[in-house]
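Below is one structure, written out as structure tokens; the observations come after it.
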Amino acid sequence: MSPIQSRATRVLLSTVSSDSHTWNLVFLQLLLEERGYEVTNLGPCVPDAELVEQVRVQRPDAVVISSVNGHGHIDGRRLIRKLREDSDEAVATVPVMIGGKLGIQGAAQPQLADELVAEGFDAVFTDGADPAEFSVALQRMTAGRAGITGAAA
């Protein structure tokens with residue numbers, strides 16, 4: 001008989017494809033790991049197709065996308081469409097959040113967050129959002145998604 005163990009909630013972390021910033025990813029990875037998440041940091045400038053493939057292969061419980069360069073709205077819309085239209089149900093339904101500088105005018109464009117939610121993001125955080133809100137949203141998005149490993153015999 002092998003014991004049943006729950007595994008840590010797995011998060012796939014990346015920037016939007018055009019964003020080469022890494023400090024935001026390091027901060028987010030440390031924040032998530034401190035809260036008990038298992039994080040795979042894909043790094044900056046990951047092409048959409050590669051991110052979709054990593055979701056297919058790794059089967060994360062959630063995807064977190066960061067944007068610092070102000071192209072989060074443009075690149076995020078394209079990425080979420082590719083994820084939501086994927087023929088693999090696990091890819092198409094994975095919870096995804098995006099945050100950071102969504103447009104080149106920063107927080108002066110509050111409608112961008114609404115548009116990203118309408119496109120299929122589960123949560124959107126604008127530049128300067130409270131990290132505590134981020135953690136609560138991620139916990140809510142992943143509740144019950146972390147799998148069970150092992151088997152009861």
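On a predicted model such as this, the values are computed, not experimentally measured, just so you know.
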L116 side, atom CG; F121 side, atom CZ - distance, nearest 0.5 Å: 5.5 Å

Linked hydrophobic residues, F125 as query - side chain contacts closer than 4.5 Å: V11, L13, L25, F27, L28, L31, L32, Y37, V39, V64, M97, F134, L138, M141

Cluster check L102, V46: I/L/V/M/F/W/Y, side chain < 4.5 angstrom: yes

Separation between OG1 of T9 and CD of E38, rounded to the nearest 0.5 Å: 9.5 Å

Approximate separation, where rounding is to 0.5 Å, of D75 CG and I65 CD1: 10.0 Å

E50 atom CD: more than 12 heavy-atom contacts under 6.0 Å: yes

Closest contact, heavy atoms only, R81 versus R77: NH2-NH2, 2.7 Å

Single-linkage hydrophobic cluster, 4.5 Å side-chain cutoff, I98 and V68 together: no

E53 side chain reached by V91 side chain, heavy atoms, under 4.5 Å: no

Shared hydrophobic cluster for V16 and L42 (ILVMFWY, side-chain gaps under 4.5 Å): yes

Beyond-backbone contact of S135 with R35, side-chain heavy atoms, under 4.5 angstrom: yes

Where G43 and S14 come nearest, the two heavy atoms and their spacing: O-OG, 3.3 Å

Beyond-backbone contact of E115 with Q111, side-chain heavy atoms, under 4.5 angstrom: yes

Nearest-0.5 Å distance that lies between atom OG in S67 and atom NZ in K101: 8.5 Å

Inter-residue atom distance D48.CG - L83.CG, 0.5 Å rounding: 8.0 Å

Exercise: identify the closest heavy-atom pair between G36 and A8: O-CB, 3.7 Å

Nearest-0.5 Å distance, NE2 of residue H73 to OG1 of residue T126: 13.0 Å

Polar side-chain atom of D19 near backbone of N69 as donor-acceptor pair, under 3.5 Å: yes

T40 side chain vs L12 backbone, donor-acceptor pair below 3.5 Å: no

S17 (side chain) donor-acceptor with C45 (main chain) under 3.5 angstrom: no

Side-chain touch D86/V52, heavy atoms, less than 4.5 angstrom: yes

Min side-chain heavy-atom separation Q58-V94 under 4.5 Å: no

Expected output: side-chain R10 to main-chain D61 donor-acceptor under 3.5 Å: no

Verdict with reasoning, D88 to K82, per salt bridge (charged side-chain N to carboxylate O under 4.0 Å, His left out): CA-CA 11 Å; D88 182 336; K82 289 181 180 181; over 6 Å; no

Test side-chain hydrogen bond (donor to acceptor under 3.5 Å, both in side chains) applied to E33 and Q29, step by step: CA-CA 6 Å; E33 289 175 343; Q29 181 175 353; 3.0 Å; yes

